[in-house]
Structures are given as structure tokens and as C-alpha cells.
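Report on the structure given below.
Chain A is the first sequence line, chain B the second, and so forth, proteins listed ahead of strands; every chain is numbered from 1. Source: prediction; values computed, not measured.
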Protein chains: 2
Amino acid sequence: MLTEAARLLTGRLERLGTLSVADKQAVQSLVQHPAVHEARTDVFCDGDQRRELHLVLSGFFCRYKLLADGSRQILAILLPGDLCDPNLFSNAPYDFSVGALARGCTAALSRPPLHELFRRPALARAFSLTRHFDDALSREWLVNLGRRGTEQRLVRLLSELTWRLEAFGLSTGNKITLPLVQADLADSIGVTHVHLCRTLKQLQSEGLLRTERGRIVISDVAGLRKAVGVWPSYLAGLISVATPLQEPVAPRRQLEAFVEPLAI
Amino acid sequence: MLTEAARLLTGRLERLGTLSVADKQAVQSLVQHPAVHEARTDVFCDGDQRRELHLVLSGFFCRYKLLADGSRQILAILLPGDLCDPNLFSNAPYDFSVGALARGCTAALSRPPLHELFRRPALARAFSLTRHFDDALSREWLVNLGRRGTEQRLVRLLSELTWRLEAFGLSTGNKITLPLVQADLADSIGVTHVHLCRTLKQLQSEGLLRTERGRIVISDVAGLRKAVGVWPSYLAGLISVATPLQEPVAPRRQLEAFVEPLAI
DNA sequence: CGGGTCGTTGAGTGGGGTCAACACGGGTGG
DNA sequence: CCACCCGTGTTGACCCCACTCAACGACCCG
């Protein structure tokens, strides 16, 4: 499983820039401690000291915060290949938690040697790019929560997930099954699970998706994306050239130039 | 003005960790191109190519996104000493804008030599810490927008600003004047300016603040913070030990250990 | 003095929250 | 095998927070 894990990570990084064989080996040698997490269990909690860096291997995870009244706000949904902690260099205790939404595995990367990898320009670039997308997503979520109605929030969240899954080769075709419970979506877009259920029915009646116990089946990915209206430019660079929709996508070449290497 | 600007930046960084004289000189030599920005003008716009890194010298600025329907979501409010771009290493076009909320100045740091500074462990640590707080703030905003009612959102936003201003020596005492228009607050917490006005009146009747044309005067900072209920632990490390409220603050010493230096 | 930005207030509306009750399925233990 | 329970999904009734539209007032500027 360790080698699979290592492959996943390098595979992900390679989509963001060319890596040498030595680069890949350097990354792969760091992947350790695979672990299984059942749904609704935590990888780490708000207040925990930061230790190794956790990498999602399979399943769906999320970053979230719990409030005094027990309600939960999900900050980001993590897919296979994503890093649980957006900040590779912080050493402060976590101010958020990461938990599994659906059963899945993680691996751990110890941080000091990880920091060493930033000596390698190609890897520094790739890791910085993952960071870039992490930021861009959280900005989108902020806009979503602040300025849009429930249906748009939901449609955009689901659409984001389809783009990300597709970008990393985790889905193909016009149908995607998300192993998410309705409460997870509700806590992501800041509405109650009751209201989320109704909004989901709405989309269902439009033929975009189907609900099953414990999963959401998007039966018309293209239609869903169309319901968003605009092309997700904040994901430019993540989405490959193979999927033009409305605006033209930045050519793959440009991607390489997106992030400066650390000048070392 | 350039030397003032340089001092501001090093002063800010020094609050996050000890710097050598050489460190400070290295930073100061990069500060260039001071510029004045009138209120409601942009420093850069969504879609612009990333060039130099802008540093706020004075005034209030904000990161924001404009939506198709013309509405605006503010992503962060930037105070003197803050960097306009959270991501020092990205080279992608901006996916958000930065504008002045109140008349103020910026300076520019050219990126390649800035990246060189990461060779210096103390500076790498300090810059990473600023990043850490930037992240922590955006997570708080996400929670705010997703899970809280208008009054709490507003109280927490204002309270955040008081803590940050105080932490960086930009305010003292129990009274703070914010050079913000009501629409700015409304666009920050995701409500209409009409509703914000009413909520403001509410707080005003509780004796916490006063409104003037173009500014909000917080007349009872302590009372405002009390209205939040909890201590802003997400700012631990930023807020000095001098201001204990409810929970004990992490001792200054620990701060040094918050961020790993780049292993170089 | 006039126009523009900013603030304030009112009236009416509706989106989304709250509180219930219930249905369903899958697990657990007897 | 059934009884039970708990997590999940669904629906209805009710209500209120916040949005919308609108008009007006205050202040600042030219």
C-alpha cells in the first residue's frame, strides 16, 4: 500500500509540472504510516499539535471547525491526493480538525524531510501549486457562503467536486457518485440538513442527480456544470486542456510558469 | 517614505520572531515603489498577472471578488503591514482583486529577490507565520459566514480588527476608529447594507459603538470583545501576553517554534 | 446650489430556520 | 429469526431573519 500511496502523490504532483526521476524518488521515500479511517472519525482535532503531514490516499475527508453550539462548518472537502494541512511549514497547534466523511486511507509525511524537498525547484513548484489551488478554493467557498443562494451554493460545490475528481483522474464520463451524507453537504454550504434535502430534491426534479442512502449520484455532470453558468476559472491550470467548456483553458505550457521555484 | 515603509515591514516581522541586523537589512533593501491609493480604487484586479508583491503601509485595504451580478464579497481586510497577496510563490494571474477601503499607501516588493530571503531561516519563519495567520483568518471568516447570525458576524469581525490593530501597535486604549463605510462591513459579512445598518444601530443602542459618516467608532472595545464570548484562539501568537481575557494566552516563547524554517 | 455618496427608515415578502413526526434501512443483540 | 435502535432522509407547519424596493435625509464635493 505504501508504494501505491507514493505513486498517488507523485502522480498528483506530476500533473502540476514535470518531475525528474530523482524528484519522484525523493518524494516517495517520505511516504509512511498508512492508516485506515472509518467514516465520521477524525484524523486530527482542533487543538492538536501539528506533527506529520497527512495525505489522503482514498475516501473523502474534510477540514472542519466545530462551534460551541455543536454545529459544524466544513472548510474544505479533501479528495485522494489532497493534503490535510494546507500549510506545510506551520508548527502551531491546529485550529481546525480533519475527519473522514467516507471510509478511507491516509499516509503520513514527516515534515522536516518534506521541507528538504523544497531544495528541488520542480518539487517546490509543484507543492506551491497545490497550495495555490487550496487557496483559490477557499476563496471560492467564501464567496459562495457570503453571496449566493442555496441552490447556487450547492450546484457550485458539487460542480467543484466533479472538476477536481476529473482533473485527477478519479472519475470519467457523465456520472459521478459521491460518498457523502446530506449533512456533509449542508455543513459545507452553511444551511440546515432539512433545507439541503429540499434543495437536493429540487435538483433531482431537474434530472441532474439522484440521492441514495449515504451517497449522492450526479447523473448528469454536464448539466450540473451548465447550471453553474460560468466556467470555473479559479481552477484554471488544474483542469486539463482536454475539457473545454465555455472560455478557453490556459494551455498546459503556461502551467509550468504558474509558480516560481524557491530561489535556492 | 521608503525607509518608513521598510521599518514597518521589519517591525511587523520582528513581532513574529527575532531577526538579525542582516536579516532586517535584507528585507529593507527590497522595499520599493511607494504609491498612494485613493479610497475605492484598486491596487490590482482579478485577472491581472501577478508581478511585485504589494505591502500595505497605511490605510485600510481589502481583498475581494466581484460577482457577475455586481455584488462584492470581501475576503479579507488588510491593515498596515499586511501583504496584499497571501501567496508569495504563486505566479498565476490573480483570481481576486485588492482595493483601498480608505485612502492609504502601499509599497512593492519584487518577488524573485523576496524568494531569496527564504534562505534566511529567521525570515522564512517570520513570513511563514504571517501566512499562518492569513490562513487562520480566512478559516474564521468561512465559519462566520456559514454558521453565525448577523450580529455575531459583525461583532466578531469588528473584534478581529481590534485585536489585529492592537497586536501591531496601531491602536491602544478602549476606543478605535475604523475608516470603513457601512457597505464595506456588509460585503465582509455577507449581508445587505440595509440590514447591516440596522444591526449597527442595535450595537449602538448597546453602547458598544457609534457611527459617523465614513467611519465606525468603537467606543467600548472591551465590551465588544466580551460580546463575542470567547477568546480568539485563532489569533494565539499574534496577540501578545499583555492582554489576557478568558483563556490563557500561549507564552511568547512558543511563538518562535510555530513555524519551521525552510531546511536550507 | 445641485448632484453624488452614504446613511436611515418603513413596508412587504420570501428564503431558510426550527420543531416535529415519521419512514426507511442496516446493524446489533437477544 | 425477530426486536430494537440509531443514523439518515423526508415532509409539513410555522415563523422570523434578512432581502427587496423605495423614499428621504445628511453630508461632501464641485
Could you tell me the separation between the [atom1] atom of [X] and the [atom2] atom of [N], rounded to a whole number of Å?
X         : N       : atom1 : atom2 : result
Asp184(A) : dT8(D)  : CG    : P     : 8 Å
Arg215(B) : dG7(C)  : CZ    : C1'   : 15 Å
Glu212(A) : dG9(D)  : CD    : P     : 11 Å
Leu101(B) : dT5(C)  : CG    : C1'   : 16 Å
Gln202(B) : dA18(D) : CD    : C1'   : 14 Å
Glu151(B) : dA18(D) : CD    : P     : 10 Å
Gln152(A) : dG16(C) : CD    : P     : 12 Å
Leu185(B) : dC6(C)  : CG    : P     : 13 Å

Polar pairs (N or O, both sides) under 3.5 Å between protein and nucleotides 20-28 of chain C?
none

### Query
Rounded to the nearest 0.5 Å, what separation is found between the CZ atom of Phe96(B) and the CG atom of Asp48(B)?
10.5 Å
#### Entry: Pairwise 5' ranking along DNA chain D for Arg147(A) and Ile216(A), keeping only the more 5' one
Ile216(A)
### 5' priority, DNA chain D, between Arg148(B) and Arg40(A) [closest heavy atom]
Arg40(A)
### Query
Out of dT8(C), dA13(D), dG16(C), which has the shortest distance to the side chain of His195(A)?
dG16(C)
Tell me whether the OP1 or OP2 atom of [N] has a side-chain N or O from [X] closer than 4.0 Å.
X         : N       : answer
Gln182(A) : dG7(D)  : no
Thr192(B) : dA18(D) : no
Thr211(A) : dT10(D) : yes

#### Entry: Given Arg63(B), Lys65(B), Arg72(B), the one that forms salt bridge (Lys or Arg N to Asp or Glu O under 4.0 Å) with Asp187(B)
Arg72(B)
### Query
So, does the side chain of Arg198(A) form a donor-acceptor pair with the base of dG15(C) at under 3.5 Å?
no
### Message
Apply side chain to side chain donor-acceptor pair (under 3.5 Å) to residues Tyr64(B) and Asp42(B) and explain how you reach the verdict.
### Response
CA-CA 10 Å; Tyr64(B) 70 93; Asp42(B) 287 329; 2.6 Å; yes
### Message
Could you go through Arg40(B) and Glu38(B), starting from their C-alpha distance and side-chain angles, then the distance that decides it, and tell me whether this counts as side-chain contact (heavy atoms from CB on, under 4.5 Å)?
### Response
CA-CA 6 Å; Arg40(B) 278 164 306 295; Glu38(B) 296 302 324; over 6 Å; no
### Verdict with reasoning, Ile74(A) to Trp141(A), per side-chain contact (heavy atoms from CB on, under 4.5 Å)
CA-CA 10 Å; Ile74(A) 291 182; Trp141(A) 282 45; 4.1 Å; yes
### Task
Please work out whether the ring planes of Phe61(B) and His37(B) are parallel, tilted or perpendicular, with thresholds of 30° and 60°.
perpendicular
### Message
Once you apply a heavy-atom cut-off of 4.0 Å, does Arg153(B) come out as touching a base, just sugar-phosphate, or nothing?
### Response
nothing
### Query
Is there a donor-acceptor contact under 3.5 Å from the side chain of Asp135(B) to the main chain of His132(B)?
no
